[in-house]
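Since the structure comes first, as structure tokens, the remarks are kept for the end.
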Amino acid sequence: MTTVLQARSLTKRYGPLTAVNNLTLEVYEGEVFGLLGPNGAGKTTSINMICGLLKPDAGQVCIRGQVITDGDASVRTRVGVCPQNVVLWGQLTCLEQMQFLGEMYGLRAKTARERGERLLNEIDLIEKKDKLARTLSGGMQRRLNLAMALVHDPEILVLDEPEAGLDPQSRVLVREYIKSLARHKTIIITTHNMDEAERMADRVAIIDHGKLLTVDTPEALKRTAGEGDVLEIEVDAGLAESALAAVSKIAPQISKTNHTLIIRARGVVELLPAILDALHSVNARPGEVRLRANTLEDVFISLTGRRLRE
Amino acid sequence: MRAITVFLKTLREMSRDAWMLGLTLAFAPFFVLLYWMWFSGGSTTYNVILINQDIGAQSPAGSTFNAGDQVVEAIHEITYADGKPLLKVIYAADRAEAEPILKNRGAAAFILIPEDFSQTLQRLAGGDRSVTTNITFGGDVSNPYYMVAVNLALTGVDRYVQEATGQQPLIRYAEEPLGVSAARTEFETYVPGTLIFAVILLIFLASMTVAREIETGGLRRLQLTPMTSLDLLGGITAALLLIGAIAIALSFVVAIALGFRSLGPIWVAILVGTITSLSVIGIGMVVASFTRTVSQAFIVANFPMAIMMFFSGVIYPLPKVTVFAVGAREIGLYDLLPPTHAVVALNKVLTLGSGLGDVLYELAALTVLSILYFAVGVLLFRRFHLRSG
């Protein structure tokens, strides 16, 4: 595997706050790399440093071994960024803004126009090419927002929450489009959506408080969170603590949220009678019982905790 | 090359914002039209109240006459070069009747002719130098029109008294106006100021256009390209400059259609206006550097706008505050304001008939200020908005 992008000991401070703390990671050629983290974890700051928008206080970012330095314009053309917020010029048509941005990246007008048309076609907006961007629906604007990140044919594509605000049809289209791009480009996706990351990412990094907590494939990460399936049992809130203590003797990998016990174990269904007996022993009547497979969200929560973030 | 791309994109966006473009282009021509309507296409006629308490006198031939009434005719004879009266007389019986009119600024001043006015003039005409009488002038002295109206009315009364008594003035005063300034209507004297006013207002358009890029995130997207601050601000400035030049040219077309006469070449005046626009846009870029939203830009731009309006001589002339001298030329504090030079240059060209050679200093000053403000704007913009933190 060839390393395309490398972040070495990246650190960024804002006064007393260390937004990114000694972050080191590698992104390989042609992979979809998911960057996960709760709000304020340092995802955007990390991405901004990777794009060259932000200068790190320490550490460096390399693209194919070349260190990105502040003001190095040539590196910028190798990265395409699709921001989470739709950023369009409302008074320009779809094609005009593709051409405008392409020219700003240094393409010839004709090339930028041709590439813009091709991308609009791929993202299913070619019929709207002469419509002003402000007249498009929200979903169309999001698709255009994505296409604009590709107009200069970047080697690395950074997508910030690419599925946010999309209707189901557009979501499928964008997802398939990103997958098709992955054959030719290296893609970094930041997201809160675990399904999105699980479906699309080849590898996932989870960061919190500016630190890298883990990086691996989704399957490998799920294994680290615990073997087997997950059983969720609702109990009376007042008895949740005693229920937790009773069940933990049978299934040690147990946690709770409010009045729900979360039990993770290989062959958890076979343990169910014993668990119900344990609940009965502390007079905790089980409410709803749910059985599901281990998810990336479990990994995420186990690593970053349940505390709400700003 | 990228600056041209930004230039075309800005023009395209502006052309599609019909309301904004229309306002920008129509603002100065509309103000020219307003001034023309305000001055009825010419100049101000000042209202004066005549309180004529003169009881009249009998001439040696036996006929009666009232000098107070004849004063009115003398006042009406004071006219602009085009024959339009400078003063209009309103009659009042006494001061009690005149006062409310003055308070409501229905007139600028009153003239009170005493009851013995005719008799005194008659005796003076007969050679009796022992008599005199008092004509009283008054009004709201804080009214800017007061001084003009009183001086003009005094001139008319004095002229009549000399004619009626046959007395020669001790000294004759001759007025020699510069160029053909005396022949200018008040409307014509206001046209240059209106043009500069319109140019000053470009500061809003300039700062808000740049701030919009910041607020909408467009700048962030452009930061990902190899664009420089000079590309962005240069392109936007060029587009605004074109809009400004068109607005100025349109204003001249409207002014000329309404009777404005330029004694110097119009193209020089347009050149002055265009370079002034460049410097004002430069100040707009400085404003944009300190702001992040369109509304912030609008609020902050008011500050330099007000300074340019009130301290550059656009509205009224100000005493020079000399800071230093370059050779024989004194450089004043207000010379840092581009409109200061524009006012002088436009006055020279439009009113005094000067050509390009006569306004080279002002053009040079405007060019230096344009480069200075634009460069400061680019540096600050790069510092606050483009440099990775």
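Remember, predicted model here, so these are calculated numbers, not experimental data. A note on names: the letters A, B, ... follow the listed sequences, proteins ahead of strands, and every chain is numbered from 1.
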#### Entry: Gap between atom CG of A:Leu101 and atom OG1 of B:Thr225 - 0.5 Å precision
7.0 Å
### Message
Less than 4.5 Å to any heavy atom of chain B: does that hold for the side chain of A:Thr93, its backbone, both, or neither?
### Response
both
### Query
Does the side-chain contact (heavy atoms from CB on, under 4.5 Å) test come out yes or no for A:Leu132 and B:Arg16, once each step is laid out?
CA-CA 10 Å; A:Leu132 295 182; B:Arg16 285 175 187 157; 3.8 Å; yes
### Residue list, side-chain contact (heavy atoms from CB on, under 4.5 Å) with B:Phe30, at least two apart or on another chain
B:Leu34
### Message
Test: ring pair (Phe, Tyr, Trp, His ring centres under 6.0 Å). Region: residues 267-296 of chain B. Which pairs qualify, not counting sequence neighbours?
### Response
B:Phe290-B:Phe384
#### Entry: Enclosure of A:Lys128 NZ (heavy-atom neighbours >12, cutoff 6.0 Å)
no
### Message
Give me the atom names and distance for the closest heavy-atom approach of A:Thr77 to B:Pro226.
### Response
CG2-CG, 3.6 Å
### Task
Measure across B:Thr5 and A:Phe100 and return the closest heavy-atom pair with its distance rounded to 0.1 Å.
CG2-CD1, 3.5 Å
### Task
Sort out for me which of A:Gln97, A:Met49, A:Glu96, A:Glu103 touches chain B most, counting heavy-atom pairs under 4.5 Å.
A:Glu96
#### Entry: Inter-chain contacts: residues 196-205 of chain B against chain A, heavy atoms under 4.5 Å
none
#### Entry: Residue part contacting chain B, namely of A:Ala109, when any heavy atom lies under 4.5 Å
neither
#### Entry: Within-4.5 Å side-chain heavy-atom neighbours: B:Arg221 and A:Asn145
yes
#### Entry: Option that, when pairs with chain A are counted at under 4.5 Å, heavy atom only, ranks first among B:Met1, B:Lys9, B:Arg212
B:Lys9
### Summary
Whatever's closer than 4.5 Å to a heavy atom in chain B on A:Met148 counts as both
### Query
When you look at A:Tyr105 and B:Leu224, which way does the side-chain contact (heavy atoms from CB on, under 4.5 Å) test go after all the steps?
CA-CA 8 Å; A:Tyr105 272 110; B:Leu224 296 163; 3.5 Å; yes
### Heavy-atom contacts under 4.5 Å, residues 294-308 of chain B to chain A
none
### Message
If you count heavy atoms of other groups shown closer than 6.0 angstrom to CZ of A:Arg108, is the number above 12?
### Response
no
## Note on the structure
Here the gap from A:Trp89 atom CH2 to B:Leu222 atom CG, rounded to the nearest 0.5 Å, amounts to 4.0 Å
#### Entry: Stepwise side-chain contact (heavy atoms from CB on, under 4.5 Å) check, B:Leu232 with A:Met104
CA-CA 10 Å; B:Leu232 179 71; A:Met104 294 309 285; 5.9 Å; no
